Amino acid sequence: MRYDHAEIELRWQDEWERANAFHADVDHSKPKFYCLEMFPYPSGRMHMGHVRNYSIGDAMARFHRLMGKNVLYPMGYDSFGMPAENAAKKERGHPATVTDRNISSIQEDQRRMGYSYDWRRRLATSDVDYYRWNQEMFLDLYDRGLVERRSAPVNWCVDCDTVLANEQVKNNRCWRCGLDVVQRDMAQWFLKMTDYSDELLDSLDEIEFPENVKAMQRNWIGRSRGAEIKFNTEKSGAEISCFTTRPDTIFGVTFLTLSPEHPLCEDLCRGTEWEEGWRNLRDECARLSEFERINLLKEKKGVFLGQHAINPLSGDRIPVYAGNFVVAGYGTGAVMAVPGHDQRDFDFAKTYDLEIRRVLVEKPGDDPNHPLEQAFTDYGPMVNSARPEFDGLSGDDAKSAVIDALESENTGLGTTQYRLRDWLLSRQRFWGTPIPMIHCDSCGIVQVPREDLPVELPLDVTFTEDQSGNPLSSHDGFTNVTCPSCGSAASRETDTMDTFYDSSWYFMRFCDANNSESPFSREFVDYWMEGGVDLYIGGIEHAVMHLLYARFFTKATRDMDMNSVGEPFGRLVCQGMLNAPAPYCSDCNAEFHVELEGKECPTCGSILGSRSAKMSKSLGNTVSPGDMVERYGADTVRLFILFGANPEAGMEWSDTAIESNHRHILSIIDAFSSVSTMDSDQNQIDEWLRARGRANLARWIDCMQAVSLREGVMISHFEMLSDWQWYVRRGGRNRDSAIEYLSKWAHMIAPATPHIAEELWTKIGGKQMLANTVLTQDQAHENDSVTLAEEAYLRDVIDTARTLLPLAQKHSEKPINRIVIQTAPEWSADLAKEAIELKDSSFDFVREGMSFIKKHQSFANSSDKGAVIQFWSSITTGSKKRRGKVQTWTAEEATLIRSGANERAILESRSQFIAATLGIENIEVYEAGTGEDAGGKAKFAQPLEPGIAFL
RNA sequence: GCAGGUGUACCCGAGUGGUCAAAGGGGGCGGGCUCAAGAUCCGCUGCAUAGUGCUUCGCAGGUUCGAAUCCUGCCGCCUGCACCA
């Protein structure tokens, strides 16, 4: 068959579309499967990373349809955001135009790949039909007290002209543009995600996320349990509250350190000789961003604030410092310093010559006065406590004893701190959901009344490159409103929402995408989302941001009675990186653009080698999906992607591999085509082919269920082919057997390569399109295992013979033209069978084996009793190095022995094939001892391992 | 520094304490078919060897009758977090 992939693929895409093959609706009579990919930002054309993502998802969606599930598989676009705004500036247009254009182009690419989306549910977050619900739910959240407007130091990106959430700052750089982030104080909108800190953390244990994602989220939430301890200053009596995770070191506190911005600093040192030092330190810190403070600060600096505080449990008088390493925003902004048991405090104490006190030892009985060379930071028994009743306590006992004491004396309490902050939601950008709020001089902040929703983005805005700031704020038609509460002139909020808000609930909208009354109906969401999205596939880069926001949003809407889900994603799969070779200089350890391939390193001048690196625009080592689809067809590209690596593993692009995958599809086509030359002749291999088809199908289903797509594809596209080739090689030519096998096979290749599957299915007479069939898995037949085992035995014998043949040739003067196969004598086959049966009944061969065999009839009847004993022990107990064969026979081999198979008959009936395969003219098969001992090989004859002689 | 992951043959990659010299693919080599090329098919791809032997799964130890697999300690790589109190 000529393989015109473009023609075939486009034709089947039309057929599917015409048949509405992928429409899915709520149907309680079927189990549901919700398969979802992280929806893309429509930046233009689809790239290979997308192809990988969607090829995985589509294969799983199609597989579960074959399994009879009701599959929801939608696609949409995360279409708000900066790039469209920047592009609009360049072309002096409107982001809406840019966005629509990009969506059409990426959607066209997706359709060309044959992905089986229910396109009726398509959504784009920048459509007012979508973002109006952002606004509705924002007001719901507001009513519930989950929205707050407050002034706070925020991360500002000058280039993007907007604030960023903490999660969006990586190494003090903007996650989008890479520019350094600066700190600003601004009034901003927050979602109180911290209300859910504990649940977000604790329920991680219940969901099937990859470990690294869970670790990142745990890390990000950063719960630490400890105590807040109140120290009062000696002179003014001011209270300094310190958070610590180590209350067990309370008696080792030798100074306190405040962050230089701490409001108490000024109170403490005002008008003293210490004031200037503090001011200098504070100003110096103010010039640094928080990131630099934390990460780039090598030198720990501190200044004495001129006052002392009192340790509430010991009464000790300790100096109070301001230190540049204390972060204002974490804990209370004040640290109790325990130089004996904290390395940072230890270093600080050394620099400023402060007391270092040991209050823990490593193990009971250690010398409490042994000096500390460095901080001892592990847990250990308390010593030198100002209140001796604490001595000897360690770890959690020590902590809770201290906390109890603090609480009963009202000088502190056990608390929990989180690293997680509230979600800073507002952005000073145009292309996002307007926050539905109004600022009124007399009434303050007022909600936009629900009947006035949606607040739409104006279309009459022209973007130009010299613009800065948010065009909304200079758009009078947008900003000028009357206050809904008092009716006087007021101004509309011009901040828009972070686009992560859009993606925090789109998976629920997909369940009910065309609802015009509400964001989604509870009934639909509860049906599709029960147990979460069944399979969610996307990149690891959203491990913290999107996946945390979405989890929060799902819990918040659950608590607003909008659903009963709680956790949005049941199983998360993070696809691995897609790599391709890039020029590389090993001396400089640097990668370069593919333009420099084979040239000299621009830095050091040595010749560049090559190394695999993440596909990226900057290295130019990308591959265009469009080109590949044009050359090989979508099916080949999909096969390459799925067979190249399991979903979570990294994968290498390889030109030769995709080429070979394409040839492989041609071979599959050939295999299906050969059915036309078949007839009604039956042959012993036919039953094998049927059995093999059943067994492969069962294994394939297991792999696919487990999202082991690589293994699945290996069975469906590779093993099925080589088994087919074995069938043909063995003389198989029966049309009915072939059709039975090929029918299964067509189904099995459909998830990965759906177009060619439909085509081949039709060619062998399939009626209903595969996209709409449910695959019934027939039970293995009773004889299957024996049928398969006999053939496996044949292959074993041939394999052994094949390795022996060249060795025999070396020993032979004349050309080899005869093979003699001597199967094991009957008595040994019988004993093997008995041994297996005994093993099944947990017989103890070591203790009872010998007496068993000596009483056995074979032993009594044998002329060579030594041989019987030797054989018996070799198959039952084995030797030191080799276990008894009864332990090592495969299930298949054991089945064959148990069935009492006649090896001689098995081989004899296939002897012509054996001879032909080995290229030998004459073949003889007989049981050892019933003919001449050709070549003296009878002694090698064991059950399933005949003696083979080449003559 | 902390956390998660990972290390298997020329390369990529499977691998549940014994059936493991280790699936599968790529690449390489040889052969059949062909006037020839391509496609396709068959085989080989640690060493030794007329079969059961030897050495190998990051390194070093250990548990076991038996370890790629389990334990301990190192080393390398990837990812995330980080003066977080």
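None of these values were measured; they are calculated from a predicted model. Lettering follows sequence order; numbering is per chain, from 1.
- Each of A:V544 and A:F950 has a nearest nucleotide on RNA chain B; the 5'-most of these lies closest to A:F950.
- B:rU72 is paired with B:rA60 under the criterion used here, namely a Watson-Crick or G-U wobble arrangement in which both key atom distances are under 3.5 Å.
- For A:R344, the listed nucleotide lying nearest its side chain is B:rA85; candidates were B:rA85, B:rA23, B:rG27.
- Taking the ring centroids of A:F643 and A:H664, they lie at or beyond the 6.0 Å cut-off.
- Between the CG atom of A:D342 and the C1' atom of B:rC2 there is a distance of 14 Å, rounded to whole Å.
- Residue A:K937 is in base contact, counting any heavy-atom pair closer than 4.0 Å across all strands shown.
- To the nearest angstrom, P of B:rG31 lies 16 Å from CG of A:L805.
- OP1 and OP2 of B:rA3 both lie 4.0 Å or more from every side-chain N or O belonging to A:R218.
- Residue-level contact check: A:A949 touches the bases, meaning some heavy atom is under 4.0 Å from a base atom.
- Using P as the reference atom, B:rA85 and B:rC78 are 27 Å apart when rounded to the nearest Å.
- Checking B:rA3 for Watson-Crick or G-U wobble geometry (two distances, each under 3.5 Å) identifies B:rU79 as its partner.
- A:R344 forms no cation-pi arrangement with A:F325, by the criterion of a distance under 6.0 Å to the ring centre and an angle within 45° of the ring axis.
- Backbone-only engagement by A:M216 is indicated by non-hydrogen atom pairs under 4.0 Å involving sugar-phosphate atoms exclusively.
- Here the nucleotide nearest the side chain of A:E211, chosen from B:rA85, B:rG5, B:rU52, is B:rG5.
- The distance between atom CG of A:L804 and atom C1' of B:rA50, rounded to the nearest whole Å, is 6 Å.
- Side-chain atoms of A:S241 and A:E228 form a donor-acceptor pair, as typed in the model, at a separation below 3.5 Å.
- Rounded to a whole angstrom, the distance from the P atom of B:rC74 to that of B:rA9 is 25 Å.
- Of the candidates B:rG4, B:rA23, B:rG26, the closest approach to any side-chain atom of A:N212 belongs to B:rG4.
- Using C1' as the reference atom, B:rA23 and B:rU16 are 14 Å apart when rounded to the nearest Å.
- Taking the six-membered ring where the residue is Trp, the centroids of A:W724 and A:F718 are separated by 6.0 Å or more.
- B:rC10 and B:rG46 have their P atoms separated by 8 Å, with the value rounded to a whole Å.
- Pair check for B:rC84 finds none; no Watson-Crick or G-U wobble contact set falls under 3.5 Å.
- Between A:E648 atom CD and B:rC78 atom C1' there is a gap of 15 Å when expressed in whole angstrom units.
- To the nearest whole angstrom, the two C1' atoms, one in B:rA50 and one in B:rG17, are 33 Å apart.
- Spacing between atom CG of A:L204 and atom C1' of B:rA3 amounts to 14 Å, rounded to whole angstrom units.
- B:rA68 and B:rG15 have their C1' atoms separated by 8 Å, given to the nearest Å.
- When both distances must be under 3.5 Å, the Watson-Crick or G-U wobble mate of B:rA9 does not exist.
- The aromatic ring centroids of A:H341 and A:F346 lie 6.0 Å or more from each other.
- Atom CZ of A:F209 is separated from atom P of B:rG80 by 18 Å (rounded to the nearest Å).
- Base-pair partner of B:rC47: B:rG53 (Watson-Crick or G-U wobble, both distances under 3.5 Å).
- Using a 4.0 Å heavy-atom criterion, one finds that A:G935 contacts no nucleic acid atom at all.
- Under the 6.0 Å cut-off for aromatic ring centres, A:F348 and A:F255 qualify, their centroids lying closer than that.
- For A:R710, no side-chain nitrogen or oxygen approaches OP1 or OP2 of B:rG25 to under 4.0 Å.
- At least one cation-pi condition fails for A:R357 and A:F251: the charged atom is not both under 6.0 angstrom from the six-membered ring centre and inside a 45 degree cone around its axis.
- Listed nucleotides: B:rG27, B:rA85, B:rG43. Nearest to the side chain of A:T245: B:rA85.
- If you check every strand for non-hydrogen atoms under 4.0 Å, A:P247 touches nothing.
- The same atom, C1', is picked in B:rC57 and in B:rA14; the two are 13 Å apart, to the nearest Å.
- Between A:R663 atom CZ and B:rG26 atom C1' the separation is 10 Å, expressed in whole Å.
- Using a 4.0 Å cut-off, no side-chain N or O of A:R419 falls inside it from OP1 or OP2 of B:rC81.
- Going from the C1' atom of B:rC35 to that of B:rC47 covers 42 Å, rounded to whole Å.
- Residue contacts for A:T244: at a heavy-atom cut-off of 4.0 Å it reaches the sugar-phosphate backbone alone, with no base atom in range.
- Between A:L642 and A:R710 there is no side-chain heavy-atom pair separated by less than 4.5 Å.
- Judged by closest nucleotide on RNA chain B, A:Q725 is the one of A:Q725 and A:F243 placed further toward the 5' end.
- The residue A:A657 sits apart from the nucleic acid: no heavy atom pair falls under 4.0 Å.
- Look at CG on A:N661: it is 17 Å from P on B:rG24, rounded to the nearest Å.
- Residue A:S660 has a polar side-chain atom (N or O) positioned under 4.0 Å from OP1 or OP2 of B:rG26.
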